[in-house]
There are 2 protein chains.
Amino acid sequence: MAERPVVIVSNRGPLSFRVGDDGELVAKRGAGGLVSGLAPLVTGTSAVWIAAAISDADRRAAEQGVVDAEGMRVRLLALDPDAYRAAYDVVCNATLWFLHHGLYDLARRPRFDSRFRAAWDSYRQVNAAFADVVAESAPEGAAVLVQDYHLALVGGLLGDRRPDLRLVHFSHTPFAPPGLWRVLPTDLGRELLAGMAAHHACGFHSQRWADCFTACCAEQLGESPRTFVAPLAPDAADIRRVAAGEACAAALAELDARVGDRALVVRVDRIELSKNILRGFWAFEDLLDRHPEWRDRVVFGAFVYPSREGLPEYLAYRQEVEATVRRINERFASPGWTPILFDPTDDFPRSVAGLRRADVLLVNPIRDGLNLVAEEGPLVNERDAVLLLSPEAGVWDQLAGAARAVHPYDVSGTADALVEALVATPEQRAAEAGEIRRRAEARTPEDWLADQLAAAD
Amino acid sequence: MAERPVVIVSNRGPLSFRVGDDGELVAKRGAGGLVSGLAPLVTGTSAVWIAAAISDADRRAAEQGVVDAEGMRVRLLALDPDAYRAAYDVVCNATLWFLHHGLYDLARRPRFDSRFRAAWDSYRQVNAAFADVVAESAPEGAAVLVQDYHLALVGGLLGDRRPDLRLVHFSHTPFAPPGLWRVLPTDLGRELLAGMAAHHACGFHSQRWADCFTACCAEQLGESPRTFVAPLAPDAADIRRVAAGEACAAALAELDARVGDRALVVRVDRIELSKNILRGFWAFEDLLDRHPEWRDRVVFGAFVYPSREGLPEYLAYRQEVEATVRRINERFASPGWTPILFDPTDDFPRSVAGLRRADVLLVNPIRDGLNLVAEEGPLVNERDAVLLLSPEAGVWDQLAGAARAVHPYDVSGTADALVEALVATPEQRAAEAGEIRRRAEARTPEDWLADQLAAAD
C-alpha cells in the first residue's frame with residue numbers, strides 16, 4: 001500500500017519558543033530520548049508533530065498553527081493553563097508515573113479524593129483537545145503516533161470521527177501489573193485501559209511491559225488489545241558527537257584532575273525515585289566499610305540532576321540524596337580524596353565526560369521503561385567500563401548476558417558487584433564491553449520508528 | 001488410616017507465663033485469631049503446641065519441657081534473645097510482613113544491607129531451633145501444623161530427619177505476587193520459597209494468596225508445591241459471650257451516652273499500615289465536607305489500638321493517625337458533638353460494644369490475609385449494620401455479594417459508600433445483614449482445623 005502521512009502526538013514537543021530581542025519568536029530544539037528518537041521522522045519531511053504549548057512564547061507560537069522551524073513542522077496546542085497543570089502534575093507525574101514505576105508508599109498515597117477527581121477531569125479535557133486537533137487536522141489515512149501516558153485517552157476520545165486514521169500508542173514507561181493497577185479507582189482504571197485499547201496497537205519498550213498491559217486489560221476489560229514491542233535505541237552518532245566536542249573535553253580534563261589515577265564508578269541519572277540513587281550510595285558506603293583497601297583508590301562520580309521539583313516527593317528525595325552524599329563524604333573523606341563527586345547541575349557534556357572516563361557504570365533502577373544510558377555509556381566509554389545493570393530496566397532485554405546484573409534492592413549484593421567490577425581484568429573488561437557495544441549498536445532510533453509505523457498497518 | 005497425633009508450631013503460643021506472688025509460674029491464656037482458632041485442637045487432647053518463649057517467665061517455663069496448663073500441653077522454646085529479636089523485628093515484621101502486604105515505600109525501603117544479612121542468619125537460626133525440636137519430640141507419624149511467615153523454613157530445615165511426619169504450613173497473611181517477591185535478594189527469596197515448598201502442603205486463607213505463592217514458586221523454583229485454601233472462621237460462641245458480658249454492657253452504655261441518637265460508623269483494628277486507617281478518616285472528612293447535612297448526625301467510632309510500636313514505621317503511622325483525628329475533630333466539632341471518637345487503648349469488650357451499636361461497619365484494608373472483624377461484627381451487631389468491605393481482604397471471598405465493596409484507595413468513593421450506607425432503609429439493612437450473618441456462621445474454627453489436618457494426608 002502507499003506510504004501513510006505521519007502525525008506525531010506528544011505532551012512535550014521537539015521545539016520550544018522564546019521571544020527574541022526583536023520581539024519575534026525564536027525556536028529552540030529540545031532534548032531527551034523521545035525527541036531525539038522521533039526527530040528524524042519529522043526533519044525535512046511532511047510529518048507534523050502536535051504537542052502542548054508550555055511557555056507563554058509557546059502559546060504565541062500556537063496561534064500560528066503549524067510552524068516550520070529547524071526543518072520540522074510543529075503544531076503547538078494552547079491548553080487552559082490550570083487544566084494543563086492539574087493534568088500534568090497530579091494525574092501524569094504524581095499518579096500514573098508513580099503507578100507504572102511502583103513508587104507508592106501505599107499506606108499513605110495515592111489519595112483519590114475530590115481534588116484528584118477534578119484533576120482527572122482536566123486530564124480528560126487535555127486528552128480531548130489533542131483528539132480534536134487530530135480529528136480536524138490529520139491528513140487522510142495518516143499514521144498517528146501517540147506518545148506516552150500523558151495521552152492515554154486520545155484514541156478513545158477520537159471515537160469514530162476519523163476511521164481513515166491509524167492511531168498507534170507508544171508507552172515510554174513500564175506498565176503496572178494488575179495487582180498494582182487495581183490501586184486506581186475502578187471506573188478510572190477501566191477508562192484509561194479502554195482509552196489505550198482504542199488505538200490500533202499499543203507499543204512498549206519491553207515484552208514485560210506489554211504483558212502487564214495485556215494482563216490488566218484481560219482482568220479489567222475482558223479483552224486483548226493488539227500490542228507490539230519496539231525498544232528505542234541510542235543515537236550513536238549524536239552521543240559520539242557530544243563526546244568529541246570541546247565542552248566534553250574540558251569537562252574530562254577537570255574530572256581527570258580530580259580523580260587522578262583512581263578507579264571511577266559513574267552514574268548518570270535524573271534525580272528520580274525510580275532510579276534508585278540512594279541505594280547506589282549505600283552500596284558504595286558498604287564497599288568502603290567492608291573493603292577499606294579501596295578507600296582513596298576509588299571515586300563515585302554521580303552525574304545527577306534535579307527533576308520535577310514542583311512535586312514535594314522529588315524535592316524530598318533530592319534532600320535525602322544530598323544528605324546521604326554529605327554523610328558518606330564526611331565519614332570517609334581524607335586529604336586529597338572526596339569519595340563521592342556530586343554537583344547536581346544539568347550539564348550534558350560533563351555527564352558524557354563521566355561516561356568516557358568510567359571504570360564502572362552503575363545503572364540500578366528499581367523499575368525503568370528502557371534506560372538509554374546503559375547503551376549510550378558503553379558507546380563513548382574509553383576504558384572498557386564494566387556495566388552493572390538492574391534487570392528491572394527494560395534495556396535488560398537487549399543486554400542480558402553481556403552486562404552484569406545488580407539486584408536493585410540488594411545493597412550488600414551491589415557492593416559485592418562493585419568490588420568484582422573494580423578487580424575485573426583488562427581482558428574480562430574488553431570482552432564484556434565489546435559485546436555490549438555490539439548490542440548497543442544493533443538497533444537505531446530509525447528502527448524504532450519503523451516499528452511504530454509498521455504497527456499502524 | 002489411623003488418626004495422626006498433632007503438633008502445632010507457631011511463633012506465639014496459646015499461653016504466656018508470669019511469676020506469681022509465691023514465686024511459682026502462672027499461666028495465662030493468650031488472645032488473637034490464631035490462638036483461638038487453634039485452641040480447640042489442643043484443649044483436652046494429646047496435641048502439643050510448640051512456641052517461642054517471649055518473656056523471662058516464659059524462659060523459665062521453657063526449662064520444664066512440655067507444660068500442662070489451662071487444659072493444654074505447651075512446649076516453649078528459649079531462643080537466643082538477640083537472635084530472636086533480630087529475626088522477629090527485622091525479618092518478620094519489617095520485611096516479610098511489609099512484603100506480603102505491599103507496604104514498602106520502594107524508593108527507600110527495604111534496604112538489604114549487612115545488618116539485614118545478619119538478621120537473616122538469625123531468622124534461619126530461629127527456624128532451625130524449631131525444626132530441631134520437631135525432629136526430636138514429635139510423636140511418630142504426627143501431623144505438624146506450622147503457622148505463618150515467622151516459620152517459613154521449618155519444613156526445609158527439618159530435611160529428611162523425620163520422614164514419618166507430615167508437615168503442613170499455613171500462612172495467615174496475604175502472599176506477595178511475583179513482581180513484589182523479586183524485591184527480595186534472589187538467593188534469599190528462593191530459600192524462603194523452597195523452605196515453604198518442603199512442607200507436605202501450604203495453606204492460605206484465600207485462593208488469591210495461594211495463586212500468588214504458586215506463581216512465585218513457578219518463577220523462582222520452577223516447581224508447583226501442593227497448596228490448599230482454608231479460611232479461618234469466627235468463633236461465634238466466643239464473641240457472643242463477650243458481647244453478653246458485663247464489661248461490654250458498661251462500655252455500650254457509655255458509648256450510647258456519647259453517640260445519642262446519631263448514626264454510628266465503626267471500625268475495629270490494630271493501628272497497622274495495611275488497615276488503611278488514614279483513608280477511612282479522609283473519607284469521613286470528605287463526607288462531612290460534601291454533605292454538611294450529616295454534621296452532628298453521625299459519629300465515627302474508631303476502636304483502634306497500638307501495635308508493634310518498637311518499629312519506627314508503626315509509631316510514625318500512629319502519629320499520623322492521631323494528627324488526622326485531631327485535625328478533623330478541630331475542623332468540624334460543635335458543642336455536644338465530637339465527629340471522631342478515638343481513644344487508642346486496647347479494650348476488647350469496648351470494641352465489641354462498638355460492633356453491637358454500629359450502623360455502618362467500615363473494613364477497608366489495602367491488603368489483608370483474611371480479616372475476622374468483618375464476620376465477627378455482624379454476629380454481634382444489633383442494628384443490622386451495613387458492612388463496607390474492601391475486596392483486598394481475604395474474607396471478601398466469603399462475603400462478596402452480601403457486603404458492599406469499598407475500594408481502599410478511592411477516598412471519595414468511600415465517602416459516597418458511607419452516605420449510601422447511612423441512608424439505607426431498614427429493609428435493605430435487614431436483608432443484607434441477614435445474608436452476611438448466614439455466611440459468617442457457615443464455617444467454624446473447627447472446619448479450618450479439619451482442613452489443615454486433611455491437608456496432612
Side-chain angles (χ1 to χ4, degrees), chain A residues 98 101-118 174 176-180 182-189 208 212 272-279 282-283 285-286 289-290 313-314 316-317 320-321 365-367 391-392 405 407-415, chain B residues 98 101-118 174 176-180 182-189 208 212 272-279 282-283 285-286 289-290 313-314 316-317 320-321 365-367 391-392 405 407-415:
Chain A
F98 272 62
H101 290 84
L103 295 173
Y104 281 130
D105 178 11
L106 287 171
R108 299 167 176 91
R109 309 237 158 186
R111 192 199 292 204
F112 295 114
D113 53 11
S114 305
R115 171 172 168 270
F116 178 84
R117 287 280 174 181
L180 207 50
R182 283 199 298 271
V183 165
L184 292 173
T186 313
D187 58 330
L188 197 153
R208 286 172 287 167
C212 284
E272 153 64 50
L273 289 76
S274 63
K275 299 295 184 182
N276 207 19
I277 296 170
L278 287 173
R279 288 193 189 82
W282 295 337
E285 181 180 24
D286 193 34
D289 242 338
R290 288 194 287 134
E313 289 88 344
Y314 283 77
Y317 190 67
E320 288 170 67
V321 164
I366 61 177
R367 199 169 163 89
E392 301 297 329
H407 186 295
Y409 301 100
D410 190 351
V411 171
S412 43
T414 303
Chain B
F98 271 63
H101 290 85
L103 295 174
Y104 280 130
D105 178 9
L106 287 172
R108 298 168 177 89
R109 310 236 158 188
R111 192 199 292 206
F112 295 114
D113 53 12
S114 305
R115 174 174 165 267
F116 179 83
R117 288 281 173 178
L180 207 49
R182 283 198 299 271
V183 166
L184 291 174
T186 313
D187 58 330
L188 197 151
R208 286 173 287 167
C212 283
E272 153 64 51
L273 289 77
S274 63
K275 299 295 184 183
N276 208 18
I277 295 169
L278 286 173
R279 288 194 188 81
W282 295 336
E285 181 179 24
D286 192 36
D289 241 338
R290 288 194 285 135
E313 290 87 344
Y314 283 76
Y317 190 68
E320 288 169 68
V321 164
I366 61 177
R367 198 168 165 90
E392 301 298 329
H407 186 296
Y409 302 100
D410 191 351
V411 170
S412 44
T414 303

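Fair warning: this is a prediction, and the values are worked out from it, not measured in the lab. Within every chain, numbering begins at 1; the chains are lettered A, B, ... in the order of the sequence lines, protein sequences first and strands thereafter. What you see below is based on every heavy atom in this structure, not just the backbone, and it leaves out hydrogens, waters and symmetry mates.
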Looking only at B:K275, B:R367, B:H101, B:E392, most heavy-atom pairs under 4.5 Å shared with chain A are made by B:E392
Proximal component of [X], with respect to chain B [non-hydrogen, under 4.5 Å]:
{"X": "A:I366", "answer": "side chain"}
{"X": "A:R208", "answer": "neither"}
{"X": "A:L106", "answer": "both"}

What part of [X] gets within 4.5 angstrom of chain A, counting heavy atoms only: side chain, backbone, both, or neither?
{"X": "B:R182", "value": "both"}
{"X": "B:L184", "value": "backbone"}
{"X": "B:L278", "value": "side chain"}
{"X": "B:P177", "value": "neither"}
{"X": "B:Y317", "value": "both"}

Heavy-atom count around B:R108 CZ within 6.0 Å, excluding the residue itself: above 12? yes
Looking at chain B, which one of [options] has the largest number of heavy-atom pairs inside 4.5 Å, strictly under?
{"options": "A:D286, A:N276, A:L273", "answer": "A:L273"}
{"options": "A:A283, A:G413, A:P110", "answer": "A:P110"}
{"options": "A:G179, A:S114, A:C212", "answer": "A:S114"}

Closest approach of [X] to [Y] (non-hydrogen atoms, all atoms of both residues):
{"X": "B:A107", "Y": "A:R279", "answer": "O-NH1, 3.8 Å"}
{"X": "A:R117", "Y": "B:S412", "answer": "CG-OG, 3.9 Å"}
{"X": "B:V183", "Y": "A:H407", "answer": "O-CE1, 3.1 Å"}
{"X": "B:D105", "Y": "A:L103", "answer": "OD1-O, 4.1 Å"}

Could you pull out all residues at least two apart from A:E285 that satisfy salt bridge (Lys or Arg N to Asp or Glu O under 4.0 Å)? A:R327, A:R331
Qualifying residues under salt bridge (Lys or Arg N to Asp or Glu O under 4.0 Å), relative to A:R115, sequence neighbours excluded: none
What is the distance from atom OH of A:Y409 to atom OH of B:Y104, rounded to the nearest 0.5 Å? 10.0 Å
State whether the side chain of A:R111 and the backbone N or O of B:D410 hold a donor-acceptor pair below 3.5 Å, judged by distance alone. no
